**Q** 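Handing you this structure, nothing more for now.
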Amino acid sequence: MCGSGSPVPRSAGRPRTSTTRSGKSSSWTGRCAPTGPGCSPSRSATGRSARATRRTIGAPWSAAWRSGSWVRASRSTMSGTPCWRVIGRTSSRCIPTTCTRTRSGIAKRPRRWRACSNSRDSCRFTPLHRIGYPPAVPTTLIADLRHHEGATVTLQGWVVTTRSSGKIAFLVLRDGTGHVQCVFPKKEVAEGAWERFGELTQEAAVAVTGTVRADDRAPGGFELTASDVRMTAPSVDYPITPKEHGTSFLFEHRHLWLRSRKQVAIARVRHEVEQAIHDFFYARGFIRTDTPILTGSIGEQAGELFATEYFDLGQAYLAQTGQLYVEATAAAHGKVYCFGPTFRAEKSKTRRHLTEFWMCEPEMAFVDSDGNMAVQEALICYLVERALERRHEELKELERDLAPLERISGPFPRITYTDAIARLQAEGSDIEWGRDLGADDETALAKHYDKPLFVMNYPKEVKAFYMKENPDDPRTVLNNDCLAPEGYGEIIGGSQREDDHDLLLGRIKEQGLDPASYAWYLDLRKYGGFVHSGFGLGLERTVAWICGIPHIREAIAFPRQIHRLYP
RNA sequence: UGGGGUGUAGGUCAACUGGCAGACCGCCGGACUGUUACUCCGGAUGUUGCAGGUUCGAAUCCUGCCGCCCCAGCCA
């Protein structure tokens with residue numbers, strides 16, 4: 001189940017454009033600077049299907065965008081205006097171009113089109129904005145520089161650092177797609193450019209024009225020999241300097257800290273994990289059903305909810321979980337999930353808690369506790385695999401030791417709560433059966449394994465009312481926690497749900513909850529009750545583990561903690 | 001909500017037993033043609049968290065308050 005690779009069926013990955021008529025797929029190795037005079041929307045590329053060509057003619061980028069086509073941006077060096085070429089409509093494969101050069105060195109328009117064996121998302125030769133938006137002014141992205149070697153381009157971005165040595169100066173620029181060093185030789189730059197360089201400060205917005213040059217000394221392999229620079233917006237006394245800062249200072253400046261390399265890397269791993277979650281469930285036929293944030297009834301237990309006035313209906317609460325609602329939608333669709341923010345007014349001040357965090361909660365009809373864990377296992381394997389495959393650079397930036405992640409594969413070890421207690425006691429712990437496991441207990445258990453660990457069947461008393469009683473041991477319920485390795489602790493909590501109306505009602509009363517608030521939830525057992533299970537995966541905890549960062553507050557752009565509501 | 005720690009320049013931190021408020025980074029000025037946390041020279045920068053107390057004298061000792069950090073509980 002694990003390690004099965006892409007959740008998309010293999011057959012869907014075959015290019016369906018006419019570009020692969022040869023039937024041969026090859027990776028693209030040529031250098032392309034699609035900026036030559038021949039680059040015009042009205043000219044079709046040799047080998048393109050007539051249909052795509054027609055689409056290009058008279059079809060501005062926005063029309064192509066609306067129709068879902070892929071567009072590729074390029075810039076005419078003659079007119080300076082961007083032009084757009086539709087390169088594919090339904091393919092999930094990258095379709096890069098090859099170019100030839102004339103003897104004079106000017107890149108000509110693509111002669112032929114080839115399919116590339118890389119997938120659309122991972123292909124290094126498919127810069128993202130080709131399927132995105134048109135830049136406000138003709139601008140080359142740093143990530144695209146490899147395609148523009150020898151060409152004169154204009155970059156827009158923000159100043160990371162400047163260095164000057166009297167007759168030569170260096171500017172490290174970032175634009176959201178990467179970093180590049182721009183070199184300013186004093187004698188060769190445009191008039192006034194040297195002085196303008198001197199006025200640049202950290203994080204000033206700039207436009208730099210120069211020639212793209214491959215250089216072994218450059219971290220990304222390419223540099224810009226700059227001919228001109230223009231500051232488009234100043235930045236005075238940027239607070240986050242290249243020196244060290246304390247955590248409270250950094251979180252007070254979180255809106256700026258997000259620009260730093262490591263924070264960018266974390267955000268991209270998070271993005272990858274979120275997308276991977278959606279891909280995973282989509283490929284397996286789950287329907288995403290969104291659950292309310294404002295709720296009247298209560299998720300698990302009162303007291304730790306954020307309350308707000310709700311017109312004439314009294315108090316509304318910010319959702320602690322979407323679970324009760326996905327149980328309802330599971331009866332409509334079979335397999336569903338929700339993914340959104342949840343809120344806990346717990347006064348927790350640990351490295352594993354936020355008051356607002358994102359949770360993915362699948363719910364599956366006709367799936368028992370065993371099947372539930374199998375899905376959790378597959379999901380975690382897939383998320384780790386995706387991060388390793390597509391966010392390798394980011395994990396490297398974060399100095400994450402990849403070996404523990406590479407070891408993640410199914411099946412995961414499983415241990416019952418009762419066995420866990422026995423093991424802890426054997427190791428000298430004074431924990432007694434019936435008490436919930438603490439953070440230290442979890443770490444002690446998980447350290448025996450280099451994979452995530454399932455701990456199953458906790459005592460009924462310490463778990464929520466909706467969990468199904470274990471028929472083999474009625475003191476316990478059919479639930480599981482999933483503990484991440486390396487001391488990261490619980491990232492998933494799941495259970496088979498109580499599907500018997502009377503037993504559920506009894507549990508509600510036992511825990512002192514008001515049955516009236518749960519009338520609609522009990523209805524699900526009155527009208528075609530069904531075996532079902534589900535779980536909640538904490539996004540920030542998962543991202544923190546994959547990134548190897550010590551505190552989950554860095555795994556979300558703007559963390560909400562008990563003492564932090566700003567920025 | 002408990003337990004522990006901490007608060008000094010824009011930032012990170014020193015300041016011995018109560019005795020002149022300091023360093024580095026950053027910033028400003030200058031030098032330097034391949035730097036990449038460049039280097040070198042010079043300069044500016046303070047309500048020592050707040051309020052009170054002890055003392056000839058308090059960043060330092062005492063009382064109260066506030067902020068932040070770590071740990072625990074609760075949980076994802």
Side-chain angles (χ1 to χ4, degrees), chain A residues 160-173 179-189 194 198-199 201-202 213 215-220 223 225 236-253 257 261 299-301 303-305 320-323 339-361 376 435-443 458 462-464 480-484 488-494 534-545 550-553 555-556 561-564:
Chain A
V160 179
T161 54
T162 58
R163 286 179 289 275
S164 172
S165 300
K167 302 238 169 57
I168 188 168
F170 304 92
L171 158 66
V172 176
L173 184 75
H179 288 67
V180 71
Q181 176 164 269
C182 310
V183 186
F184 291 77
K186 189 175 183 180
K187 285 180 184 167
E188 295 166 35
V189 295
W194 185 260
E199 288 161 12
T201 53
Q202 192 185 358
R213 180 170 44 76
D215 193 316
D216 292 340
R217 291 168 292 190
E223 277 190 350
T225 302
V236 181
D237 294 334
Y238 187 71
I240 300 177
T241 62
K243 199 65 182 174
E244 60 189 285
H245 300 281
T247 49
S248 72
F249 177 85
L250 289 169
F251 279 104
E252 278 156 25
H253 296 85
W257 188 26
R261 280 177 186 260
E300 296 184 0
Q301 271 164 347
E304 285 163 350
L305 295 151
Q320 254 188 340
T321 169
Q323 188 210 308
F339 191 7
T342 50
F343 307 87
R344 307 267 166 106
E346 298 155 0
K347 293 191 174 176
S348 305
K349 289 191 288 185
T350 79
R351 68 175 79 172
R352 292 160 58 231
H353 287 86
L354 297 170
T355 57
E356 178 180 318
F357 66 96
W358 283 63
M359 186 155 63
C360 168
E361 296 178 277
Q376 295 170 38
R435 228 175 69 195
D436 204 358
L437 299 179
D440 288 346
D441 306 316
E442 290 182 355
T443 308
Y458 281 61
V462 300
K463 287 294 167 187
N480 76 273
D481 281 355
C482 181
L483 311 180
Y488 278 88
E490 185 180 352
I491 54 172
I492 286 179
F535 61 91
L537 173 122
L539 178 65
E540 288 77 13
R541 288 186 180 180
T542 305
V543 171
W545 165 51
H551 200 302
I552 68 166
R553 65 191 161 192
I556 185 168
Q561 293 181 273
I562 178 170
H563 56 268
R564 194 174 301 284

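This one's a predicted model, so the numbers in the text were calculated from it and none came from an experiment. Computed from heavy atoms alone, side chains included, the values below leave out hydrogens, waters and symmetry copies. So you know, we letter chains A, B, ... as the sequences are listed, proteins then strands, and number each from 1.
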**Q** Write down the atom of L354(A), the atom of Q561(A), and the distance for their closest heavy-atom approach.
**A**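 The answer is CD2-CG, 3.8 Å.
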
**Q** Measuring to OP1 and OP2 of A72(B), would you say a side-chain N or O of R351(A) lies under 4.0 angstrom away?
**A**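 For R351(A), the contact criterion (side-chain N or O under 4.0 Å from OP1 or OP2 of A72(B)) is not met.
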
**Q** Could R344(A) and E304(A) be called an ion pair, given the rule that one side-chain N must be under 4.0 Å from one carboxylate O?
**A**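 Result for this pair is no, no salt bridge flagged.
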
**Q** Output the single nucleotide from C70(B), U12(B), U35(B) whose closest atom is nearest the side chain of H551(A).
**A**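 My answer, after comparing the listed nucleotides, is C70(B).
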
**Q** Just compare A72(B), G34(B), A76(B) and give me whichever is closest to any side-chain atom of L354(A).
**A**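 Shortest atom-to-atom distance from the side chain points to A76(B).
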
**Q** When you compare the side chains of D215(A) and Q181(A), does any donor N or O come within less than 3.5 Å of an acceptor on the partner?
**A**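 No - no donor-acceptor pair under 3.5 Å links their side chains.
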
**Q** Base, sugar-phosphate or nothing for H353(A)? Non-hydrogen atoms, less than 4.0 Å.
**A**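 Since a base atom lies under 4.0 Å of H353(A), the category is base.
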
**Q** Base, sugar-phosphate alone, or nothing: which one does F357(A) contact when heavy atoms must sit under 4.0 Å apart?
**A**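 Base contact.
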
**Q** For residues P550(A) and R351(A), report the shortest heavy-atom separation together with the two atoms involved.
**A**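 Minimum heavy-atom contact is O-CD, 3.2 Å.
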
**Q** Rounded to whole angstrom units, what separation is found between the CZ atom of F184(A) and the C1' atom of U35(B)?
**A**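 So the CZ-C1' distance, F184(A) to U35(B), works out to 14 Å.
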
**Q** Looking only at side-chain atoms of R541(A), point me to the closest of C75(B), G11(B), C32(B).
**A**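 In terms of side-chain proximity for R541(A), the closest of C75(B), G11(B), C32(B) is C75(B).
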
**Q** Taking the C1' atom of each, how far is U8(B) from G29(B), in whole Å?
**A**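 Approximately 28 Å lies between the C1' atom of U8(B) and that of G29(B).
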
**Q** Between A72(B), G11(B), C75(B), which nucleotide gets closest to the side-chain atoms of K349(A)?
**A**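 Per side-chain heavy atoms of K349(A), the pick is A72(B).
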
**Q** Which pairs, protein N/O on one side and nucleotides 25-29 of chain B N/O on the other, fall under 3.5 Å?
**A**
none

**Q** Starting from the 5' end of RNA chain B, give me the residue, D436(A) or R217(A), whose nearest nucleotide shows up first.
**A**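 The answer here is R217(A).
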
**Q** In terms of the angle between their ring planes, are H253(A) and F249(A) parallel, tilted or perpendicular, with boundaries placed at 30° and 60°?
**A**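 Ring orientation of H253(A) relative to F249(A): tilted.
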
**Q** Do we count F170(A) as stacking onto G34(B) if the rule is ring centres under 5.5 Å and planes under 30°?
**A**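 So F170(A) does not count as stacking on the base.
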
**Q** I'd like the C1' distance from G18(B) over to C69(B), given in whole Å.
**A**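 Approximately 29 Å lies between the C1' atom of C69(B) and that of G18(B).
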
**Q** Just to be sure I understand the rule, does T350(A) reach a base, reach only the sugar-phosphate, or reach nothing, if contact means heavy atoms closer than 4.0 Å?
**A**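 Base contact - T350(A) has a heavy atom under 4.0 Å of at least one base atom.
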
**Q** Mind checking the C1' distance from G26(B) to G67(B)? Whole angstroms is fine.
**A**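 Going atom to atom, C1' in each nucleotide, I get 25 Å.
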
**Q** Rounded to the nearest angstrom, tell me the gap between atom CG in L250(A) and atom P in G11(B).
**A**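 About 11 Å, once rounded to whole Å.
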
**Q** Take T241(A) and Q202(A) through the side chain to side chain donor-acceptor pair (under 3.5 Å) test and state the conclusion after the steps.
**A** CA-CA 8 Å; T241(A) 62; Q202(A) 192 185 358; over 6 Å; no

**Q** Establish, with yes or no, whether the OP1 or OP2 oxygen of C38(B) is under 4.0 angstrom from a side-chain nitrogen or oxygen of R163(A).
**A**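 Yes, such a contact exists.
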
**Q** Could you tell me which non-hydrogen atom of E490(A) sits nearest to which non-hydrogen atom of R352(A), and how far apart they are?
**A**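 Closest pair (atom of E490(A), atom of R352(A), distance): N-NH2, 3.9 Å.
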
**Q** Say we look at C28(B) and A9(B): how far apart would their C1' atoms be, to the nearest angstrom?
**A**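 It works out to 15 Å between them.
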
**Q** Does Y238(A) have any ring pair (Phe, Tyr, Trp, His ring centres under 6.0 Å) partners at least two apart in sequence or in another chain, and if so, which?
**A**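 Not a single residue meets the ring pair (Phe, Tyr, Trp, His ring centres under 6.0 Å) criterion with Y238(A).
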
**Q** Whole angstrom is fine here: how far is it from CZ in R553(A) over to C1' in A76(B)?
**A**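 So the two atoms are 18 Å apart, to the nearest Å.
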
**Q** Quick one: which of U35(B), U12(B), U1(B) gets closest to the side chain of K347(A)?
**A**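 Shortest atom-to-atom distance from the side chain points to U1(B).
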
**Q** RNA chain B: H563(A) or I168(A), which has the more 5' nearest nucleotide?
**A**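 Upstream on the strand: I168(A).
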
**Q** How far does the C1' atom of C16(B) sit from the matching atom of U63(B), given to the nearest Å?
**A**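 After rounding to an integer number of Å, I get 26 Å for this pair.
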
**Q** Distance between the C1' atoms of C71(B) and U48(B), in whole angstroms?
**A**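 Pairwise C1' distance, C71(B) against U48(B), rounds to 29 Å.
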
**Q** Mind checking G438(A) for me? I need base, sugar-phosphate or nothing, with any heavy atom below 4.0 Å counting as a touch.
**A**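 Sugar-phosphate: the residue G438(A), judged by heavy atoms under 4.0 Å, touches backbone atoms but no base.
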
**Q** Take the protein atom CG of L539(A) and the nucleotide atom P of C75(B), then report the distance between them rounded to whole Å.
**A**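 These atoms are roughly 21 Å apart.
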
**Q** Using whole Å, what does the distance between atom P of nucleotide C75(B) and atom CZ of R352(A) come to?
**A**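 Taking CZ of R352(A) and P of C75(B), I get 11 Å after rounding.
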
**Q** Among A76(B), C74(B), G34(B), which nucleotide has an atom closest to any side-chain atom of S348(A)?
**A**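 Nearest to the side chain of S348(A) among the choices is C74(B).
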
**Q** Sort by first number and list every stem of RNA chain B: at least 3 consecutive Watson-Crick or G-U wobble pairs, both distances under 3.5 Å.
**A**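 So far as stems of 3 or more pairs are concerned, RNA chain B shows B:1-7 with B:66-72, B:10-13 with B:22-25, B:27-31 with B:39-43, B:49-53 with B:61-65.
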
**Q** NA contact type, A169(A), heavy-atom cut-off 4.0 Å: base, sugar-phosphate, or nothing?
**A**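 Result for A169(A) = nothing.
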
**Q** Can you list the residues that meet the ring pair (Phe, Tyr, Trp, His ring centres under 6.0 Å) rule with F535(A), with sequence neighbours excluded?
**A**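 F535(A) satisfies ring pair (Phe, Tyr, Trp, His ring centres under 6.0 Å) with no other residue.
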
**Q** I'd like the P distance from U1(B) over to A37(B), given in whole Å.
**A**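 Pairwise P distance, A37(B) against U1(B), rounds to 46 Å.
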
**Q** Rounding to an integer number of Å, can you tell me how far E304(A) CD sits from G73(B) P?
**A**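 Checked: the CD to P distance equals 14 Å.
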
**Q** Please determine, for the side chain of S248(A), which listed nucleotide (C68(B), A76(B), U33(B)) has the closest atom?
**A**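 Side chain of S248(A) sits closest to C68(B).
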
**Q** Give the nucleotide from the list C69(B), C70(B), G34(B) with an atom nearest to the side chain of R564(A).
**A**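 Closest nucleotide among those given: C69(B).
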
**Q** Stepwise, does the side-chain contact (heavy atoms from CB on, under 4.5 Å) test hold for Y458(A) with D436(A)?
**A** CA-CA 8 Å; Y458(A) 281 61; D436(A) 204 358; 3.4 Å; yes

**Q** Applying side-chain contact (heavy atoms from CB on, under 4.5 Å) to V172(A) and R163(A), what does each step give before you reach the verdict?
**A** CA-CA 9 Å; V172(A) 176; R163(A) 286 179 289 275; 3.6 Å; yes

**Q** Classify R261(A) by what it touches in the nucleic acid, base, sugar-phosphate, or nothing, heavy-atom distance under 4.0 Å.
**A**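 If one applies the 4.0 Å heavy-atom cut-off, R261(A) turns out to touch nothing in the nucleic acid.
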
**Q** Let me know the distance between CD of Q561(A) and P of C68(B), rounded to the nearest Å.
**A**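 Interatomic distance, CD of Q561(A) to P of C68(B): 10 Å.
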
**Q** Could you measure between the two P atoms, the one in C70(B) and the one in A15(B), and give it in whole Å?
**A**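 Nearest-Å result for C70(B) against A15(B) at atom P: 24 Å.
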
**Q** Applying side chain to side chain donor-acceptor pair (under 3.5 Å), can you list everything that pairs with T443(A), at least two apart in sequence or on another chain?
**A**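 Partners of T443(A) by the side chain to side chain donor-acceptor pair (under 3.5 Å) criterion come out as none, since no residue qualifies.
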
**Q** Under the 3.5 Å rule, do the base of G67(B) and the side chain of E252(A) count as making a donor-acceptor pair?
**A**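 Between G67(B) and E252(A), which were checked side chain against base, a qualifying N/O pair under 3.5 Å is absent.
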
**Q** With a 4.0 Å cut-off on heavy atoms, is E361(A) in touch with a base, just the backbone sugar-phosphate, or nothing at all?
**A**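 Nothing, no nucleic acid heavy atom in range.
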
**Q** Could you work out, with ring pair (Phe, Tyr, Trp, His ring centres under 6.0 Å) as the rule, every residue matching W257(A), not counting sequence neighbours?
**A**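 In terms of ring pair (Phe, Tyr, Trp, His ring centres under 6.0 Å), with neighbours along the sequence ignored, W257(A) is linked to F251(A).
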
**Q** Across the strands shown, which category fits T542(A) at heavy-atom distances under 4.0 angstrom: base, sugar-phosphate, nothing?
**A**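 Nothing, no heavy atom under 4.0 Å.
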
**Q** Just the rounded figure in Å: distance from C1' of A72(B) to CG of D440(A).
**A**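 One finds 8 Å between C1' of A72(B) and CG of D440(A), rounded.
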
